[in-house]
Protein chains: 2
Amino acid sequence: MNCIDCTFKSSATKFLSKGEIEELSHNCAHVEFKKGEKIFKESSFSSNIIYLKSGLVKVHILGPKNEQITKITKASAFLGLPTTFNEKVNKYSATALENCKVCFIDLEVFKHFIYKNGVFAYQIITELCKNEIDSFFRCLNRTQKQITGRVADALLFFYHDIYEEKEFILPLTREEFGNYIDTTRESVSRIINDFQKDGIIKIKNKKIKILKEERLINISEKG
Amino acid sequence: MNCIDCTFKSSATKFLSKGEIEELSHNCAHVEFKKGEKIFKESSFSSNIIYLKSGLVKVHILGPKNEQITKITKASAFLGLPTTFNEKVNKYSATALENCKVCFIDLEVFKHFIYKNGVFAYQIITELCKNEIDSFFRCLNRTQKQITGRVADALLFFYHDIYEEKEFILPLTREEFGNYIDTTRESVSRIINDFQKDGIIKIKNKKIKILKEERLINISEKG
DNA sequence: TATTTAATGTGATTTATATCACATTAAAAT
DNA sequence: ATTTTAATGTGATATAAATCACATTAAATA
């Protein structure tokens, strides 16, 4: 497989020279993961940068009490950056929520690109900055909104940021949904069923249709 | 003021060439802030990278319910990166908890260093990666530990990461302490007084002495 | 030094949400 | 198709922590 022909290039990789792309091709392993498979695991050794070419992934950490889904990431994005640059051991896990295509890029080669290609480095920095800000706000919402608001938030997130359609198949179990918004499966269950009773959404198992977006936005804002 | 003689250089800045340091000197404003002063403000415009040379700072965001102290940062560190690289508007505020020395570095010059100096860029990337991981774990603790554990955590943080002494002057009011660990001033008050009753710490207003570190570690781990 | 203002302490009460317990349904495996 | 297992729904109860209310103390200001 040659990276030149890859149609899933990251915003950073687009700025690599032909020679660099060639170098990348020789130091990049393409792997496919099925829904539910672990891409990498907390506490395991890693010396690769992991790039999600297509699919949907949950990034999760085992906390003092429960598993927490730190974020849900849609392609294309780098998954393993924060882990790999500081430590050889992964600080979190990533699991495929849909079938995924992933590249494992050799760390030294990636580092070399940063050293030699400033535009590439700048793109990476931009992505990391965005991640940090997003992470601040996710935490803020997790700690300061009531569950109803957090459920509304999550539904809007799937609509706006992931599927871009009012009707979608929720890629999480109720329990995972709980892990994503820091609550229990019971509370998630109760609240989405309340939403249905109020005509805000329609649910059939994992299939969800958003009927009244404004109400969800309102609930999300009121906390 | 010339940056060559500056004794507060960041790990990244150490890798700048003489010419680059010269360029930095002409595009860097040194400012001092007194305890309590705002260094920059959420929603205000910014086109500078902000570098904390000395002192202690709280980074905070106004959430849907309360002010949240996102993190407490000791010199030396960059304060304004995640904000400035993506948006022209600050997404959070920073306030001096002690008297601080700060540099405002022109964004374009900083960007130029990233483009031209790969080692500099790599250092910045490393710092950002570390920030993201830290931010994940802070959020995990905030959401999954009970207040007692979070208070213990915070006290150990001031001991280990900030003052490196068992006795220190808490740089926060009880209310700010609450904002830092997502609780109310009343709860903070109750718990640190309980800790005192149990002989774990000694408090006199803002002066705190850690008497039984192991107990605090234990409380922190039990959640 | 006196006076005002801000910060802190502490009990009583309320509340959001976790936990527990069990029924029901869907999905997977045989 | 049948059985087993996993996921979901829903009421009753428990609980950590917020909120309220007011007293006390420290710090700032006149």
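Computed from a predicted model, the values in this text were never measured in an experiment. Throughout, a chain's letter reflects where its sequence line sits, starting with A, and its residues are numbered from 1.
The separation between B:Q146 atom CD and C:dA16 atom C1' is 15 Å, rounded to whole Å. Straight-line distance from the NZ atom of B:K65 to the C1' atom of D:dA18: 7 Å, rounded to whole Å. Whole-Å rounding puts the A:D182 CG to C:dA18 P distance at 9 Å. When rounded to the nearest whole Å, the span between CD of B:Q144 and P of D:dA16 equals 17 Å. Between the C1' atom of C:dT17 and the CG atom of A:N66 lies a distance of 13 Å, rounded to the nearest Å. Across the protein-nucleic acid pair, B:I147 atom CD1 and D:dA18 atom C1' stand 8 Å apart, rounded to whole Å. Rounded to an integer number of Å, the gap from B:E175 CD to D:dT19 P is 11 Å. In this entry the distance linking CZ of B:R150 with P of D:dA16 reads 13 Å, nearest Å.
Of all the residues in residues 186-197 of chain B, B:E186, B:S187, B:R190 reach under 4.0 Å from DNA chain D with at least one non-hydrogen atom.
Contact check, B:R185 against C:dA7: no side-chain N or O comes under 4.0 Å of OP1 or OP2. Residue A:T184 places at least one side-chain N or O under 4.0 Å from the OP1 or OP2 atom of C:dA18. Taking only side-chain nitrogens and oxygens, A:K206 never comes nearer than 4.0 Å to OP1 or OP2 of D:dA7.
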Extract all donor-acceptor atom pairs below 3.5 Å that involve side chains of residues 37-45 of chain B and protein atoms in other chains or at least two apart in sequence.
unit_1: B:E37; atom_1: OE1; unit_2: B:K34; atom_2: N; d: 2.6
unit_1: B:E42; atom_1: OE1; unit_2: B:L62; atom_2: N; d: 3.1
unit_1: B:S44; atom_1: OG; unit_2: B:K41; atom_2: O; d: 2.6
unit_1: B:S44; atom_1: OG; unit_2: B:N90; atom_2: ND2; d: 3.2

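Relative orientation of the A:F110 and A:F78 rings is perpendicular, given thresholds of 30° and 60° on the angle between their planes.
Using a 4.0 Å cut-off between a side-chain N of Lys or Arg and a carboxylate O of Asp or Glu, A:D134 and A:K130 qualify as a salt bridge. Salt-bridge annotation for B:K71 and A:E132: present, with a side-chain N of the basic residue lying under 4.0 Å from a carboxylate O of the acidic one. Under a 4.0 Å N-O distance rule, the pair A:K101/A:E32 qualifies as a salt bridge. Using a cut-off of 4.0 Å between Lys/Arg side-chain N and Asp/Glu carboxylate O, B:K58 and B:E98 are scored as not salt-bridged. Contact check on A:R190 versus A:D194 returns no salt bridge, with no Lys/Arg side-chain nitrogen under 4.0 Å from an Asp/Glu carboxylate oxygen. Taking a cutoff of 4.0 Å between a charged side-chain nitrogen and a carboxylate oxygen, B:D182 and B:R150 do not qualify as a salt bridge.
Within a 6.0 Å sphere centred on NZ of B:K209, other residues, nucleotides and ligands contribute 12 heavy atoms or fewer.
Mapping B:L172 and A:T148 onto DNA chain C by nearest heavy atom places B:L172 at the nucleotide closer to the 5' end.
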Write down the protein N/O and nucleotide N/O pairs, taken from nucleotides 23-30 of chain C, whose separation is under 3.5 Å; answer none if there are no such pairs.
none

